[in-house]
Number of protein chains: 2
Amino acid sequence: MKDRVTIRDVARQAGVSLGTASRALNRTGRVSEEAIAAVTQAARQLGYRPDAVARSMRTRSSGVIGLLVSDLANPLYAQIITAAETAFQAAGYSLLVANTHSERKRETSLIELFRGRRVDGLILGPCEKESPELLEQLSRELPVVALDREFGQGCSGVQVDHYAGALQATQYVLNLGHTRVALLTPASDLRTGKERIAGFRRAFEERGLTPLPNLIRAEQSAMEFAFSEAMSLLSFAERPTAFICLGTRILAGVLQAIRHMGHTVPGDVSVISIGDTDLSRLFSPTITSLNWDLDVVGTCAAQLIFKQLDRKSQTPSAERIVVKTQLILRESCGPVTTQA
Amino acid sequence: MKDRVTIRDVARQAGVSLGTASRALNRTGRVSEEAIAAVTQAARQLGYRPDAVARSMRTRSSGVIGLLVSDLANPLYAQIITAAETAFQAAGYSLLVANTHSERKRETSLIELFRGRRVDGLILGPCEKESPELLEQLSRELPVVALDREFGQGCSGVQVDHYAGALQATQYVLNLGHTRVALLTPASDLRTGKERIAGFRRAFEERGLTPLPNLIRAEQSAMEFAFSEAMSLLSFAERPTAFICLGTRILAGVLQAIRHMGHTVPGDVSVISIGDTDLSRLFSPTITSLNWDLDVVGTCAAQLIFKQLDRKSQTPSAERIVVKTQLILRESCGPVTTQA
DNA sequence: CTGTTAGCGCCTTCAA
DNA sequence: TTGAAGGCGCTAACAG
């Protein structure tokens with residue numbers, strides 16, 4: 001007896017036709033004031049709640065934007081998400097988030113899930129094997145934004161200038177006289193990793209140097225195994241005198257290794273890290289950091305979606321936004337010591 | 001010309017009827033092997049992908065579970081989510097996450113969103129004003145699990161034993177001779193806050209003491225303003241000699257304040273915090289911490305959903321799982337000094 | 001301005 | 001085992 005109330009019930013109760021009820025509820029087309037009043041009241045009275053699924057089926061849209069990240073536990077994403085969410089909410093969209101764990105398979109199936117649910121837009125973060133073709137193709141079907149990952153001509157994206165960032169960080173360390181500089185960054189087959197390595201290399205080239213290849217640790221595993229990577233690096237006879245840690249979870253592992261080996265920062269080892277974390281702000285010494293504005297990243301991603309939503313019918317607008325990094329000087333870097 | 005391909009197209013291509021195609025695709029009812037083969041091939045050939053929305057409309061379900069958290073940036077949630085996700089994926093469900101920012105209004109509208117999209121289950125984290133009635137009512141309509149928040153008789157939930165945790169932490173500090181102990185925890189109107197305060201009080205009572213009321217800081221704002229709260233506490237003539245920080249973001253603020261005031265840990269001030277963070281493991285000194293198993297929390301939440309899914313038709317099974325905390329002794333607590 | 005009608009794509013009886 | 005038909009709840013197009 002407590003059947004769900006449909007728009008049909010509302011129409012009957014309000015004494016109008018189904019079509020009028022729909023128009024009144026959606027304020028679409030021409031409807032009389034009294035019709036609107038009657039329908040609105042009937043709806044409230046009956047506790048009518050529109051069926052989003054049925055609506056999506058008709059309109060082929062849903063009012064939700066999907067966002068895929070590789071790792072929800074990464075606090076950087078959390079802030080980006082929050083910023084994007086705010087923008088979307090203001091525009092009447094809801095943001096739903098899912099986790100790819102950077103696995104291509106999961107990403108594929110989640111894209112399918114979202115698409116099947118008629119999301120009105122898709123924001124895709126970095127993922128194992130970032131195929132630009134996939135994004136271009138997807139971009140032809142619905143608004144897509146690549147978040148700090150590779151994307152082709154036909155697709156929009158916002159990306160952080162990791163190249164310039166790594167370049168600047170490395171220059172800074174080289175200026176302090178370090179030569180044995182280690183770089184730790186997640187997967188080298190991701191755009192973020194590639195760019196960072198390129199920037200790192202460039203800084204060396206500028207001075208006619210070449211970085212020691214075995215000081216670059218950019219395996220997929222670098223993230224999880226920062227500690228053991230750092231331990232291995234520190235046990236070299238000619239150990240690195242500086243560490244550049246370009247991944248959120250890497251700093252912790254490196255600091256742990258440094259402590260474990262009985263070294264001091266910045267006395268024995270200089271350290272630079274990505275920096276929007278409690279750890280880099282509060283560690284003793286505080287950690288010199290490479291930062292960028294996460295709110296801007298999130299907001300821009302939303303904007304790019306909006307732009308595509310607007311000119312949905314026309315040529316898909318592909319646009320690229322680049323966010324600059326900033327080196328925050330703190331206490332964790334010093335001149336190279338003349339020992340060993 | 002490149003119209004979407006529906007099951008109807010598949011049926012035609014396979015030379016069977018629409019109904020048979022549906023049955024073949026879903027392996028439901030009786031279908032001949034050859035029909036299955038023909039349909040399967042036709043589907044692949046045409047690149048058929050079932051329309052999730054249309055399917056949901058018919059079946060009134062979706063294969064997705066919704067999860068609402070108050071703050072995606074909280075790394076504790078991230079880990080819980082990951083654990084739950086793994087469990088759901090193994091069972092063929094997808095997990096979609098959204099952010100309430102602990103605002104009742106957002107929560108309401110997101111619940112509505114999820115429900116309207118026919119989620120097969122809902123997991124709800126803490127939120128401003130946790131109305132048990134709401135959960136009970138919701139629970140009658142679909143599988144619901146309360147995550148560390150208050151819930152009524154008819155609802156399932158998994159919760160951490162914050163009472164026992166706070167009790168143990170406080171006992172530990174009292175045993176070290178501290179009497180002026182400060183407690184900082186998020187909102188006192190949430191279950192988590194209430195339980196912690198109760199445990200804290202209980203520890204004092206056990207020794208015939210009463211905690212100084214102004215040393216309990218549990219405003220909604222405590223999270224964001226841990227730094228200023230701690231500064232204010234430390235500027236008392238009779239300042240606290242120990243801080244119990246029961247919120248993920250609180251420790252950072254407190255440590256900052258302690259440093260700012262020129263105090264040392266644990267010499268001048270002892271500190272206990274929630275502990276699954278880089279900061280508490282790597283700070284010098286390392287921070288004595290109250291921990292619990294986040295994977296268990298996530299997994300249990302999923303299990304409780306599954307149970308309700310199973311006996312969907314029968315009486316809704318309400319169950320409560322309690323996860324115990326554990327006090328990890330590290331370096332940040334010491335005996336009270338005889339100064340001041 | 002309003003009522004009627006026709007599906008969106010799918011699943012699921014009901015006969016055959 | 002299969003085909004045909006009837007909706008799920010809603011919106012959009014078309015007459016009135």
Side-chain angles (χ1 to χ4, degrees), chain A residues 2-40 42-43 46-64 112-113 115-120 141-142 313, chain B residues 2-40 42-43 46-64 112-113 115-120 141:
Chain A
K2 190 190 144 289
D3 254 353
R4 40 188 324 92
V5 5
T6 84
I7 199 174
R8 178 167 253 115
D9 301 320
V10 175
R12 188 173 333 157
Q13 170 88 2
V16 300
S17 83
L18 189 151
T20 305
S22 171
R23 283 180 294 247
L25 257 9
N26 299 307
R27 303 251 185 292
T28 175
R30 260 127 281 270
V31 208
S32 68
E33 283 304 327
E34 30 175 333
I36 291 190
V39 170
T40 310
L46 264 41
Y48 168 71
R49 284 174 339 210
D51 183 317
V53 172
R55 197 205 302 253
S56 281
M57 166 124 116
R58 265 315 304 217
T59 62
R60 319 197 66 69
S61 80
S62 65
V64 353
E112 194 55 29
L113 175 74
R115 229 162 57 114
R117 307 246 164 245
R118 299 284 132 75
V119 292
D120 293 328
E141 303 193 25
L142 82 171
S313 41
Chain B
K2 191 190 145 289
D3 254 354
R4 27 186 339 90
V5 7
T6 83
I7 200 174
R8 176 169 253 113
D9 302 320
V10 175
R12 188 173 333 157
Q13 170 90 0
V16 299
S17 82
L18 191 154
T20 305
S22 171
R23 283 180 293 247
L25 257 8
N26 299 305
R27 302 254 186 293
T28 176
R30 260 128 281 270
V31 208
S32 66
E33 282 305 326
E34 30 175 331
I36 292 190
V39 170
T40 308
L46 265 38
Y48 169 70
R49 285 174 340 210
D51 184 317
V53 172
R55 199 205 300 256
S56 280
M57 168 127 112
R58 269 306 307 214
T59 63
R60 319 197 67 70
S61 80
S62 65
V64 354
E112 195 55 28
L113 176 75
R115 229 162 57 116
R117 308 240 161 247
R118 300 281 132 78
V119 292
D120 294 330
E141 302 193 26

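Chain letters run A, B, ... following the sequence lines, proteins first and then strands; every chain starts at 1. Keep in mind that this is a model prediction, so the values were computed, not measured. Values below: every heavy atom of this structure, side chains too, minus hydrogens, waters and symmetry copies.
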Across all chains, not counting sequence neighbours, the salt bridge (Lys or Arg N to Asp or Glu O under 4.0 Å) partners of A:Arg12 are A:Asp9

Applying side chain to side chain donor-acceptor pair (under 3.5 Å), can you list everything that pairs with [X], at least two apart in sequence or on another chain?
X       : answer
B:Ser17 : B:Thr20
A:Ser32 : none
A:Thr6  : none

5'-most to 3'-most nt of DNA chain D touching chain A (<4.0 Å, heavy-atom partner on protein side) reads D:dG9 to D:dA13

Taking only residues two or more places apart in sequence or in another chain, which ones pass side-chain contact (heavy atoms from CB on, under 4.5 Å) with [X]?
X       : value
A:Ala54 : A:Asp51, B:Met57
B:Arg49 : A:Glu112, A:Arg115
B:Ala52 : A:Arg117

With a cut-off of 3.5 Å and sequence neighbours excluded, list every side-chain donor-acceptor pair involving residues 22-30 of chain B.
residue, atom, partner, partner atom, Å
B:Asn26, OD1, B:Arg55, NH1, 3.3
B:Asn26, ND2, B:Ser22, O, 2.9
B:Arg27, NH1, B:Ala24, O, 2.9

Look at all strands and tell whether B:Arg55 reaches a base, only sugar-phosphate, or nothing, counting heavy atoms closer than 4.0 Å.
sugar-phosphate

So the contacted stretch of DNA chain C, first to last nucleotide with an atom under 4.0 Å from a non-hydrogen atom of chain B, runs from C:dG9 to C:dT13

Sorted by number, residues from residues 11-20 of chain B placing a heavy atom under 4.0 Å from DNA chain C are B:Leu18, B:Gly19

Rounded to 10°, the angle between the first-five-pair and last-five-pair axes of the helix from C:dC1-D:dG16 to C:dA16-D:dT1 is 40°

